[in-house]
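Presented below is the structure to which this report refers.
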Amino acid sequence: MTARLAIGLTGGIGSGKSTVADLFAARGASIVDTDAIAHDLTAPGGGAMPAIVAAFGPEFADANGALDRARMRTLAFSDPAAKAVLEAILHPRIRDGALAAAAAATGAYVIYAVPLLVESGTWRSRVARIVAVDCSEAVQIARVMARNKLSEAQVRAIMAAQASRAERLAAADDVIDNNDGIDALAPQIDRLHARYLQLRT
Ligand code: ADP
C-alpha cells in the first residue's frame, strides 16, 4: 500500500489555520488536528491524565479529571523544566494519536494541522510539503483579540513563544495569504488542492 500524501498546515495563532483547514476538508482532504488531539488527551479520562497527575500531582486535575489548564499554563510559563516534563508526556501521545488518525483517514490526502510545526523537526520530516497561513502581525493581533477577548499584550506574549512570521515563511513550501476577507481564500485553496491531488503517487 502506498502511504497517503501528508501535508503539514501551520500558521501563527489567529492566522486562520482552522478556517483554512475547513476549506481543505470541504474539498475532500482529511484533517488531523493536533490541537484537538492534545485537548482530548487532557479531557476527563484523557490518555495523558494519569501521567500528568503522576508527574505534577492530583491538584493539576479538576473535579472531572480534566487538566486544570489555567494552573498548568501558569506553571509552564514560569518553569521551563515543568514545561519540558509536560511536553515529554504530551508530544509522543499527540504524535501517536495523529498517526492513528491519519491511518484511519479516508480523504484524498491528509493534512496535519500543527500550530508549532515549524518549531518541530519531527513534524517537518513527516510531511511532503508545508503550507503556511500568513497574515500581518497587525491582522493577527486584531483577530486574536476579538476571538479570545485578550489584550494586545497577552496576544503578543503568545506570539513571542511561537516562530516568527519570517521563520514560518522560510520553512513553508506553499503560502496562503490570509490578510484579506474570507472570499480571498477559496481560489488559493482550490489551486493548492489541485496541486496536492497531483502529488499523490
Ligand atoms: P487559527 O486556527 O490559526 O488560530 P482561525 O482560523 O481560528 O485561526 O482564525 C482566527 C479568527 O479570525 C477566527 O475568529 C476567524 O473566524 C477569523 N478569521 C480567519 N480568517 C479570516 C479572514 N480572512 N477574514 C476575517 N476573519 C477571519
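Counting starts at 1 for both ligands and their atoms, following the listed order.
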Tell me which protein heavy atom sits closest to [atom], plus the residue, atom name and distance to 0.1 Å.
atom                    : answer
atom 15 (C) of ligand 1 : Thr19 OG1, 4.0 Å
atom 2 (O) of ligand 1  : Ser18 OG, 2.7 Å
atom 20 (N) of ligand 1 : Asn178 ND2, 3.0 Å
atom 12 (O) of ligand 1 : Arg143 CD, 3.2 Å
atom 13 (C) of ligand 1 : Arg147 CD, 4.0 Å
atom 8 (O) of ligand 1  : Gly16 N, 3.1 Å

With heavy-atom distances below 4.0 Å as the criterion, list the atoms of ligand 1 near [X].
X      : answer
Asp180 : 22 (C), 23 (N), 24 (N)
Gly12  : 3 (O)
Lys17  : 1 (P), 2 (O), 3 (O), 4 (O), 6 (O), 8 (O)

Test item, Gly11 contacting ligand 1 (heavy atom, 4.0 angstrom): no
Non-hydrogen atom of Pro115 closer than 4.0 Å to ligand 1: no
Parallel, tilted or perpendicular, as decided by the 30° and 60° cut-offs, for the rings of Tyr109 and Phe24: perpendicular
Ile111 side, atom CD1; Arg129 side, atom CZ - distance, nearest 0.5 Å: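 Going from the CD1 atom of Ile111 to the CZ atom of Arg129 covers 12.0 Å.
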Ion pair Asp174/Arg195, N-O distance below 4.0 Å: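 Answer for the salt bridge query: yes.
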Polar proximity ligand 1 side, Leu185 side, N/O cut 3.5 Å exclusive: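 Among all N and O atoms of Leu185, none is under 3.5 Å from an N or O of ligand 1.
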Main-chain N/O of Val114 paired with Thr10 side-chain donor or acceptor, under 3.5 Å: yes
No-hydrogen, no-angle side-chain donor-acceptor test under 3.5 Å, Arg69 and Thr42: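 Yes - a donor-acceptor pair under 3.5 Å links their side chains.
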Minimal non-hydrogen separation, Asp173 against Ala128, with atom names: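 Reported closest heavy-atom pair: OD2-O, 4.3 Å.
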Arg156 and Glu137: CA distance, side-chain angles, deciding distance, side chain to side chain contact (heavy atoms under 4.5 Å, CB included) verdict: CA-CA 9 Å; Arg156 284 193 184 276; Glu137 290 195 351; 4.1 Å; yes
Salt bridge (charged side-chain N to carboxylate O under 4.0 Å, His left out) between Arg165 and Asp134, intermediate numbers included: CA-CA 8 Å; Arg165 185 182 182 195; Asp134 180 62; 2.8 Å; yes
